[in-house]
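We're numbering straight along the sequence, starting at 1.
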Amino acid sequence: MPQLISSIAQLLWPLIALMAIFVFRRAIGRVLRTAERRELEFEIGGQRLTMHELNDQQNEMIQDLQRQLSLLSRQLEDRDRVGAAALEASPPMPVTALPDVPDISGDGEGELPPVQAPVGSEPSAVLWVAEKPEAHAILAEQLRDNGVRVAMVSTTDEALAELSQRPYRLIVEDMGRKENGRWRPDAGLALLRELRDLGVDTPVIVFSSQRAQQQYGEQARQSGAVGTTSSAYEMFQNFQSFGLL
């Protein structure tokens, strides 16, 4: 009898599995179709991204790093060529003794002064004005992982309303955005001028496409932007310079 019960139990498990598949066949089918289309969703940086969108952002960052490494390599090669040519053309210089350098490794007057915290703004807060906030989800997630509060808005009016409520350490904005239902390729300039007219001195970095940087970058700097870039790597460095990463 125990062997019979055991045999029946072994037969029941496959039947139960088949029944579960039959009952949940529609839900399972939806998951499989979604995965096939790479539309599984993830929440990153406060934004919901499909696997396809996440993959696109990662690929763009990898390509940007490759461009930066290629540029750095060319600069190093040019410097080495110039340095080698200068050495060949100039006679050897006599070696002179170096002056004594005061020791600043311990306590005392030689110690570097402490970095002053920003006055009048929240040290760890970024206002990001983006046409598509999800396009910056990975960078926003890095900031949030480091304890930075990131507020995402889409228009100049929303940005001004947010700034009227609380101060920010840094503003990042796209150059091209929809304003009042109409696409404006120079919307970033409008926000910069509004901030200047209102006397808001929060630093602004324009983070947009290479084409937008070429077309409006100089105007943005003249209007008060502290920097313009189309590189995620350079944006990461900017965050570091502001003590956010």
Side-chain angles (χ1 to χ4, degrees), residues 44-49 53 56-61 63-65 67-68 71 118 120-122 125-144 148-242 244-245:
I44 300 175
Q47 307 296 321
R48 297 196 66 83
L49 303 178
E53 291 169 335
D56 285 348
Q57 284 194 44
Q58 290 174 332
N59 287 338
E60 287 175 5
M61 287 187 167
Q63 291 172 7
D64 180 48
L65 282 174
R67 286 193 295 267
Q68 297 296 327
L71 178 61
S121 63
E122 188 176 339
V126 172
L127 176 61
W128 206 313
V129 191
E131 170 65 17
K132 294 182 178 179
E134 63 274 12
H136 309 296
I138 293 180
L139 280 173
E141 182 72 6
Q142 290 177 322
L143 290 171
R144 286 174 171 165
V148 178
R149 182 174 63 83
V150 181
M152 287 280 190
V153 297
S154 300
T155 67
T156 295
D157 289 343
E158 290 174 351
L160 295 175
E162 186 67 26
L163 288 167
S164 69
Q165 298 296 320
R166 56 182 64 85
Y168 282 87
R169 179 72 180 96
L170 178 67
I171 300 171
V172 182
E173 68 160 334
D174 290 347
M175 178 58 73
R177 301 190 301 271
K178 273 188 179 180
E179 297 285 351
N180 300 318
R182 184 171 63 89
W183 173 258
R184 285 195 58 182
D186 62 344
L189 297 178
L191 176 56
L192 285 165
R193 290 163 185 155
E194 288 275 4
L195 295 175
R196 183 181 59 193
D197 293 343
L198 293 171
V200 177
D201 58 358
T202 306
V204 179
I205 296 176
V206 179
F207 180 35
S208 296
S209 66
Q210 290 183 350
R211 183 174 182 179
Q213 297 298 329
Q214 293 170 357
Q215 189 169 2
Y216 300 108
E218 183 58 33
Q219 294 180 61
R221 288 185 289 272
Q222 291 176 357
S223 298
V226 299
T228 62
T229 182
S230 59
S231 165
Y233 173 74
E234 290 181 357
M235 198 67 242
F236 185 90
Q237 289 184 311
N238 286 325
F239 288 146
Q240 286 185 319
S241 70
F242 279 92
L244 300 170
L245 286 177

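For the 3.5 Å distance criterion, the side chains of R169 and T202 fail to qualify, holding no donor opposite an acceptor. In the model, T155 has no side-chain atom that pairs as donor or acceptor with a side-chain atom of R177 under 3.5 Å.
The distance from the OG atom of S231 to the CD atom of Q237 is 7.5 Å, given to the nearest 0.5 Å. With rounding to the nearest 0.5 Å, the separation of CD in Q240 from CE in M235 is 11.0 Å. Here the straight-line distance linking atom CD of E234 with atom OG of S241 works out to 11.5 Å at 0.5 Å rounding. The CG atom of D157 sits 10.0 Å away from atom CG of L191, with the distance rounded to the nearest 0.5 Å. Atom CD1 of I171 sits about 5.5 Å away from atom CG of L127, to the nearest 0.5 Å.
Side-chain atoms of D174 never come within 3.5 Å of backbone atoms of S208 as a donor-acceptor pair (strictly under, hydrogens ignored). Using a distance-only test at 3.5 Å, with no hydrogens or angles considered, a donor-acceptor pair links the side chain of E179 to the main chain of T156.
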Tell me, with the steps shown, if F239 and Q142 meet side chain to side chain contact (heavy atoms under 4.5 Å, CB included). CA-CA 10 Å; F239 288 146; Q142 290 177 322; over 6 Å; no
List the steps, then state whether side chain to side chain contact (heavy atoms under 4.5 Å, CB included) holds for L198 with L160. CA-CA 10 Å; L198 293 171; L160 295 175; 3.9 Å; yes
Step by step, would you call R144 with E141 a salt bridge (Lys or Arg N to Asp or Glu O under 4.0 Å)? CA-CA 5 Å; R144 286 174 171 165; E141 182 72 6; 5.4 Å; no
T228 vs R221, side chain to side chain donor-acceptor pair (under 3.5 Å): CA-CA, chis, key distance, verdict: CA-CA 7 Å; T228 62; R221 288 185 289 272; 2.6 Å; yes
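A parallel orientation is assigned to the rings of W128 and H136, their planes being inclined by less than 30° (bins at 30° and 60°).
Residues S230 and F207 fail the side-chain proximity criterion, which asks for heavy atoms closer than 4.5 Å. Taking 4.5 Å as the limit, every side-chain heavy atom of M152 sits out of range of all side-chain heavy atoms of K132. Annotation: side chain of L170 is in contact with side chain of L244 (closest heavy-atom distance under 4.5 Å). In this structure, the side chains of V226 and N238 stay at 4.5 Å or more apart for every pair of heavy atoms. Annotation: side chain of F242 is in contact with side chain of I205 (closest heavy-atom distance under 4.5 Å). Side-chain contact between D197 and L195 is absent, with no heavy-atom pair separated by less than 4.5 Å.
For N180, the CG atom is loosely surrounded, since the number of other residues' heavy atoms within 6.0 Å does not exceed 12. Counting heavy atoms of neighbouring residues, nucleotides and ligands inside a 6.0 Å radius, atom CZ of R211 does not exceed 12 of them.
Counting all heavy atoms, side chain and backbone alike, V206 lies closest to A220 at CG2-CB, 4.1 Å. What you find for S223 and R193 is that their closest heavy atoms are OG-NE, 4.2 Å.
In this structure, E194 has no side chain to side chain donor-acceptor pair (under 3.5 Å) partners at least two apart in sequence or on a different chain.
Shown are R184, M175, E173; of these, the side-chain contact (heavy atoms from CB on, under 4.5 Å) with L189 is made only by M175.
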